[in-house]
**Student:** 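Have a look at this one before I ask anything.
When reading the values below, keep in mind they use all heavy atoms of this one structure, side chains included, and skip hydrogens, waters and symmetry mates. Because the structure is a prediction, the values reported are computed rather than measured. Residue numbers count from 1 along this sequence.
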Amino acid sequence: MQAPSLGGVQVPRGNGSTTVRLRQGSSLNDFADKIDANPASLVTVLFHLGEMATATQSLDEDTFGTLATELGYVIEMVSAEEEDRELLGAFDIDLDAELEAEGDDELQARPPVVTVMGHVDHGKTKLLDAIRSTDVVAGEAGGITQHIGAYQVTKVHEGNERAITFIDTPGHEAFTAMRARGAQVTDIAILVVAADDGVMPQTIEALNHAQAAGVPIVVAVNKVDKEGSNPDKIRQQLTEYNLVAEEYGGDTMFVNVSAKQNMGIDQLLEAVLLTADAALDLRANPDKGARGVAIEANLDKGRGAVATVLVQSGTLRVGDAIVAGTAYGRVRAMFDEHGETLTEAGPSRPVQVLGLASVPSAGDTLLVAPEERTARQIAEKREAAERAALLAKRRKRVSLEDFTQALALGKVETLNLVLKGDVSGAVEALEDALLKIDVGEEVDLRVIHRGVGAITQNDVNLATVDSAIIIGFNVKYAERVEALADREGVDVRFYSVIYQAIDDVEAALKGMLKPEYEEVQLGTAEIREIFRSSKFGNIAGSIVRSGEIRRNTKARVLRGGKVVGDNLTIESLKRFKDDATEVREGYECGIGLGSFNDLQSEDIIETWEMREKPRA
């Protein structure tokens, strides 16, 4: 029904329990469509509620909640997953129905997907080197793995040649986001623990990710060849985290290995296959359009967007129309981890895919669409929804009253950042780490844009408009962009190791905080005798007990430990009959406190000043 709302505007009213479903980043136009209202009316109602917005502007959940409560509706924000499911449903793609329809006849055995996890410097990459006989460590900045890679190896097990897919997740603590994703696409986790170092914070973190994903764990006790190594201690430590070794009566396989000496590698692969056979039913249907996940993606100068994809079910073929997140295209070529070309890739097969029009994000679901036009439409709708959600997030929700108050208090300092990196997983991890920096409520950190590839003119223009700093991670300027950045005065920082970027941003945030001051005592003097002066008032004949007494500093008078005069000033200071600027400990002096005359013998005069306190 139509009912007058604020300001006499006619708006259809709900009954207090009428539910309206909106996706993240919806505008007032979208809300107006759902309740059959005029968008201009909603703009007016929102204005009367102290919020200013246009009809096409993406709004956040709180703003919609305020408006809906006023009009008698209940807002239900659709999650990204639900929204995507509804979007795919509109193109007759139902992933859930597909899975339910698959019977035992269609399912075939597939290789296990294994993630190698553990603390930094415990030898994960060296272990993978030993497994696939390549050297990855040498190419990593600071010796820290900063990208996810996927590789397949074969092992003869009980007379059959079996394939195993490995995912190498970075070990540095800043890469929690990527490591968590590693656990989501994996079947088995290998937890690498150094026998000479023991269980460390990231060991526990990796363990938690794997357990949260319900993934069986095989423990590789590495560096057993080193002096001082104690594999049994590792077994004991991990019992506290519900990982009980088989030799202790548990069900977790522990294998002693040395990646450097190539010891125990066969036994580790054996343990992986035994765990897979005993604990998991690893089957998939290869005879359908591929479904998978983009493990990593980057922009290659010669080849365009290159995505490392793990096929989870179905078969991916050259020529297939694919969509991964907001990226779409047709598979032009596929390569395995050795750079050999492939025409098709079945379940559990990691491949590099060429042919996408843009770079997908790490973790995006990949699916084969009936035709390229459908793939493009899905990608475009996803991109529009993502942009709207981002705009809603970027809109700082401040009512008129809040805004006036914030201005009056000189509040709301914001550091805006534009993040660019060589691969999407690293950019996401960097954003995740930066947003966790805590320097209190006075300063706000916002990532206004993130992307893959060189720093472009668009990035500089965006940074100019929003007064942002650009952080380049393993990337440099595109052509002619450096001159533009210099001309516009945009601050651009380049990093190849992630924690240096985090440290710099944290320092910048602390620099934006308003200075904190603390009181610092300069000196104390004890009054021995009071001299009366018609010109200067009472003069305190004193001896300096500590520090120094300086003219024109702040002072207070203490009597028996209690303050009897505060916020005073040392207006005159004399040594005998001469004026002095300061008098040090152990010397006598005459102190005049201006109009304050309530002085007695044995009172203490304490001088102090306010100094800026360094941030912790």
**Student:** Ignoring hydrogens and geometry, is there a side-chain-to-backbone donor-acceptor pair from Asp320 to Ile322 under 3.5 Å?
**Tutor:** no
**Student:** When you check the gap from the basic side-chain N to the acidic O, do Asp187 and Arg110 get nearer than 4.0 Å?
**Tutor:** yes
**Student:** Measuring only between side-chain heavy atoms, which start at C-beta, is Val368 closer than 4.5 Å to Leu316?
**Tutor:** yes
**Student:** Is there a donor-acceptor pair under 3.5 Å between the side chain of Ser313 and the backbone N or O of Ala284?
**Tutor:** no
**Student:** Begin from the C-alpha positions of Tyr495 and Val497 and carry the test side chain to side chain contact (heavy atoms under 4.5 Å, CB included) through to its verdict.
**Tutor:** CA-CA 6 Å; Tyr495 301 95; Val497 176; over 6 Å; no
**Student:** So do Val452 and Asp422 actually touch side chain to side chain, heavy atoms under 4.5 Å?
**Tutor:** no
**Student:** If the test is side-chain contact (heavy atoms from CB on, under 4.5 Å), which one of Leu28, Asn29, Leu22 qualifies with Ser26?
**Tutor:** Leu22
**Student:** In Å and rounded to the nearest 0.5 Å, what is the CG to CD1 distance from Asp62 to Ile75?
**Tutor:** 11.5 Å
**Student:** Carefully, step by step, assess Ile498 and Ile502 under the rule side chain to side chain contact (heavy atoms under 4.5 Å, CB included).
**Tutor:** CA-CA 7 Å; Ile498 197 166; Ile502 296 165; 4.3 Å; yes
**Student:** Report the distance from atom OG of Ser348 to atom CD of Gln312, rounding to the nearest 0.5 Å.
**Tutor:** 8.5 Å
**Student:** First locate atom CD1 of Ile167, then atom CE of Met117, and finally report the distance between them rounded to the nearest 0.5 Å.
**Tutor:** 9.5 Å
**Student:** Would a distance-only check, ignoring hydrogens and angles, find a side-chain to backbone donor-acceptor pair under 3.5 Å from Asp33 to Asp30?
**Tutor:** no
**Student:** Can you check whether Ile469's main-chain N or O pairs, donor with acceptor, with Asp491's side chain at less than 3.5 Å?
**Tutor:** no
**Student:** Ignoring hydrogens, what is the shortest heavy-atom contact between Ser361 and Ala294? Give both atom names and the distance.
**Tutor:** O-CB, 3.9 Å
**Student:** Taking side chain as C-beta onward, heavy atoms only, is Thr374 less than 4.5 Å from Tyr328?
**Tutor:** no
**Student:** Please give me the minimum heavy-atom distance between Asn285 and Leu107, naming the atom from each residue.
**Tutor:** N-CD2, 3.7 Å
**Student:** Starting at CG of Leu46, measure out to CZ of Phe64 and round the result to the nearest 0.5 Å.
**Tutor:** 9.0 Å
**Student:** So do Val447 and Leu435 actually touch side chain to side chain, heavy atoms under 4.5 Å?
**Tutor:** yes
**Student:** Any chance the rings of Phe494 and Tyr477 have centres within less than 6.0 Å?
**Tutor:** yes
**Student:** Could you check whether Glu380 pairs with Arg376 (Lys NZ or Arg NE/NH1/NH2 to Asp/Glu carboxylate O, under 4.0 Å)?
**Tutor:** yes
**Student:** Do Arg382 side-chain atoms and Thr326 backbone N/O form a donor-acceptor pair below 3.5 Å?
**Tutor:** no
**Student:** So does Gly65 get a backbone contact from the side chain of Thr69, meaning a donor-acceptor N/O pair under 3.5 Å?
**Tutor:** yes
**Student:** Run Leu42 and Leu71 through side chain to side chain contact (heavy atoms under 4.5 Å, CB included) and show every step you take.
**Tutor:** CA-CA 10 Å; Leu42 298 185; Leu71 300 177; 3.7 Å; yes
**Student:** Please report the interatomic distance OG1(Thr203) to CG(Leu191), rounded to the nearest 0.5 Å.
**Tutor:** 6.5 Å
**Student:** What are the two closest heavy atoms between Val418 and Ala468, and how far apart are they?
**Tutor:** CG2-CB, 4.1 Å
**Student:** Using salt bridge (charged side-chain N to carboxylate O under 4.0 Å, His left out) as the criterion, point out the one residue from Arg446, Lys436, Lys420, Arg450 that pairs with Glu431.
**Tutor:** Arg450
**Student:** I'd like to know if the side chain of Asp504 reaches the main chain of Ala501, judged simply by a donor and an acceptor atom lying under 3.5 Å from each other, with no hydrogens or angles considered.
**Tutor:** no
**Student:** Please report the interatomic distance CG(Leu434) to CD1(Ile471), rounded to the nearest 0.5 Å.
**Tutor:** 5.5 Å
**Student:** Quick check against the 3.5 Å criterion: does Thr18 have a side-chain atom that pairs as donor or acceptor with the backbone of Tyr73?
**Tutor:** no
**Student:** Find out whether Leu280 and Ile188 are in side-chain contact, i.e. whether some heavy atom of one side chain is under 4.5 Å from a heavy atom of the other.
**Tutor:** yes
**Student:** For the pair Asp503 (side chain) and Gln500 (backbone), establish whether a donor and an acceptor sit closer than 3.5 Å, ignoring hydrogens and angles.
**Tutor:** no
**Student:** List the atom of Gly453, the atom of Val475, and the distance in Å for their closest heavy-atom pair.
**Tutor:** O-CG1, 3.6 Å
**Student:** If you define the side chain from C-beta out and look only at heavy atoms, does anything of Ile190 sit under 4.5 Å from Thr115?
**Tutor:** no
**Student:** Main chain of Gly425, side chain of Glu428: is a donor-acceptor contact present, judged purely on distance under 3.5 Å?
**Tutor:** no
**Student:** Side chains of Leu67 and Phe31, heavy atoms from C-beta outward: is any pair under 4.5 Å?
**Tutor:** yes
**Student:** Stepwise, does the side chain to side chain contact (heavy atoms under 4.5 Å, CB included) test hold for Val460 with Ile470?
**Tutor:** CA-CA 8 Å; Val460 174; Ile470 300 176; 4.1 Å; yes
